[in-house]
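Contents: one structure, followed by commentary.
All values reported here derive from a predicted model rather than from experimental measurement. Residue numbering restarts at 1 for every chain, and letters A, B, ... go by the order of the sequence lines.
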Amino acid sequence: MADPQAEMVIGLPEGAAFPSWELRDQAGQPVDLMADRAGRRALVVFHRSAAW
Amino acid sequence: MELQNISADLEAQGIALYAISYDPPDVLASFAARHGISYPLLSDAGSELIRELGILNAEAPESIEGIPHPGVFVLDENGIVAEKHFYESYRERDTGLGLLEHVLGIAAAHDGPQTQAASDVVQLRADFDAPTYVWGQRLWLTVRLTIADGYHIYGRPIPGGYMPLDIEIEPLERVTVGAPRWPTPEPFQVAGLDEHFQVFSGEIEVSLPLSFMSVDAGALDVRGTVTLQACTATECLAPDSLSFEMRLLEAPLVERPQPRD
């Protein structure tokens, strides 16, 4: 089995611009990450699922 | 929840927090309500952003198709990816504190077990960043060493015949110990000798991640040993070891994940 802890070199590389993207939040409201961030630094966390 | 615990710290630092999963908004709504979550949980139902970013877990079983590899992007003020950390398994996740300290470099209070040990010239303090573990979680073990004035201990690379600073965690079932994060040593040379050393002195900190994949294992006693050799500019003491032990409790798992290998 692969080491589950190993960091993977995947995804948008460092130095690339994160895309402007609209997603719905838990209230069903559209949130555009880049607009909502409003010039702040951001931590964008990807989870497996909230259901399990 | 972990991220909720750090959301105020992030806000104080002017850092926006977003958590994204492939769940539809209604699943996120009930999750947020149950766990008192106030930061944005965003729905990438259909996993389009996950695919666009190149973080889709293509190996995921059909029942959970569309999940991303777990991880984080840190964006700077201009929306540029300043840092990223992604992991193989959908089981893996950082604690909130782990993200704060090891991704963002923001010091935070550790509230896990602590212990101490000492030899003639080195004092050791060790702690965990949380008092409990839960399935799929990564906790950070931090070991701080205070080296007496006039002494140094060796780092790597190291000439043959000398003992570098090392840390060993006794194996525990279904616990994976990651590579230690060592501080940066300083070059050191003994007058009259050709050998080049890398050394530590004063106060140093080593941290290492432990991932817990146990369920219903109860309290776990984590035992570790630090080995080192302390020297002055003119003489070396015998190699030494400092052992420590800390107990972590298992937090109740609210929802047991369904997918299994």
Side-chain angles (χ1 to χ4, degrees), chain A, chain B residues 3 10 14-23 25 27-29 31-32 37 40-44 49-50 52-55 64 67-77 79-93 99 103-104 138 176 178 209 211 213 255 257-259:
Chain A
M1 194 179 99
D3 176 5
Q5 252 189 346
E7 279 205 29
M8 301 184 85
V9 183
I10 54 164
L12 201 59
E14 286 171 13
F18 200 86
S20 190
W21 207 274
E22 193 176 276
L23 298 169
R24 290 193 183 273
D25 68 8
Q26 63 264 48
Q29 296 302 309
V31 174
D32 183 305
L33 233 64
M34 290 300 115
D36 188 76
R37 204 173 54 78
R40 290 174 295 165
R41 296 170 68 197
L43 186 60
V44 184
V45 182
F46 282 84
H47 284 291
R48 47 187 196 205
S49 168
W52 52 270
Chain B
L3 289 175
L10 291 175
I15 299 171
L17 169 64
Y18 304 95
I20 303 178
S21 68
Y22 77 158
D23 303 298
V27 169
L28 297 179
F31 183 78
I37 287 169
L41 299 178
L42 302 178
S43 163
D44 185 26
L49 177 59
I50 288 167
E52 171 77 17
L53 293 172
I55 56 169
I64 54 172
I67 61 164
H69 285 286
V72 297
F73 286 106
V74 180
L75 307 186
D76 70 10
E77 289 83 350
I80 305 295
V81 177
E83 203 176 324
K84 62 169 179 173
H85 298 280
F86 281 85
Y87 298 96
E88 173 69 34
S89 171
Y90 56 80
R91 297 162 157 187
E92 192 82 7
R93 66 169 193 264
L99 285 175
V103 176
L104 296 169
R138 180 182 313 114
T176 312
S211 292
M213 296 299 166
E255 297 130 301
Q258 294 151 353

For residues B:Glu77 and A:Arg37, report the shortest heavy-atom separation together with the two atoms involved. O-NH1, 3.0 Å
Working to the nearest 0.5 Å, report the span between CG of A:Leu43 and CG of B:Leu75. 8.5 Å
Quick one: ring-ring contact (aromatic ring centres under 6.0 Å, His included) partners of B:Phe73, sequence neighbours excluded? A:Phe18, B:Phe86
Would you call B:Ile15 and A:Arg40 a side-chain contact if the rule is heavy atoms closer than 4.5 Å? no
Could you report the tightest heavy-atom contact between A:Gly28 and B:Pro25, atom names first, then the distance? CA-CB, 4.4 Å
Contact part of A:Ala27 toward chain B, heavy-atom cut-off under 4.5 Å: side chain, backbone, both or neither? neither
Tell me whether B:Lys84 contacts the main-chain N or O of A:Val9 through its side chain, where contact means a donor paired with an acceptor under 3.5 Å. no
So what's closer than 4.5 Å to chain A heavy atoms on B:Asp44: side chain, backbone, both or neither? both
Shortest non-hydrogen contact from B:Ile67 to A:Arg48? CG2-O, 3.8 Å
Output for pair (A:Arg41 CZ, B:Ile80 CD1), nearest 0.5 Å, gives 14.0 Å
Is there a donor in the side chain of B:Tyr18 and an acceptor in the side chain of A:Asp25, or the other way round, less than 3.5 Å apart? no
Kindly indicate whether the side chain of A:Trp21, heavy atoms from C-beta on, has any atom under 4.5 Å from the side chain of B:Glu52. yes
Which atoms of B:Ala32 are under 4.5 Å from chain A, going by heavy atoms: the side chain, the backbone, both sets, or neither? side chain
Do you know which two heavy atoms are closest between A:Pro19 and B:Leu49, and how far apart they sit? CG-CD1, 4.0 Å
Minimum heavy-atom distance between B:Ile20 and A:Val44, given as atom pair plus value: CD1-CG1, 3.6 Å
Between A:His47 and B:Asp23, is any pair of side-chain heavy atoms under 4.5 Å apart? no
Let's test your reading of the structure: which of B:Leu53, B:Leu28, B:Leu17, B:Ile50 forms the most heavy-atom pairs below 4.5 Å with chain A? B:Leu53
The test is side chain to side chain contact (heavy atoms under 4.5 Å, CB included); show your working for B:His69 and A:Ile10 and say whether it passes. CA-CA 9 Å; B:His69 285 286; A:Ile10 54 164; 3.6 Å; yes
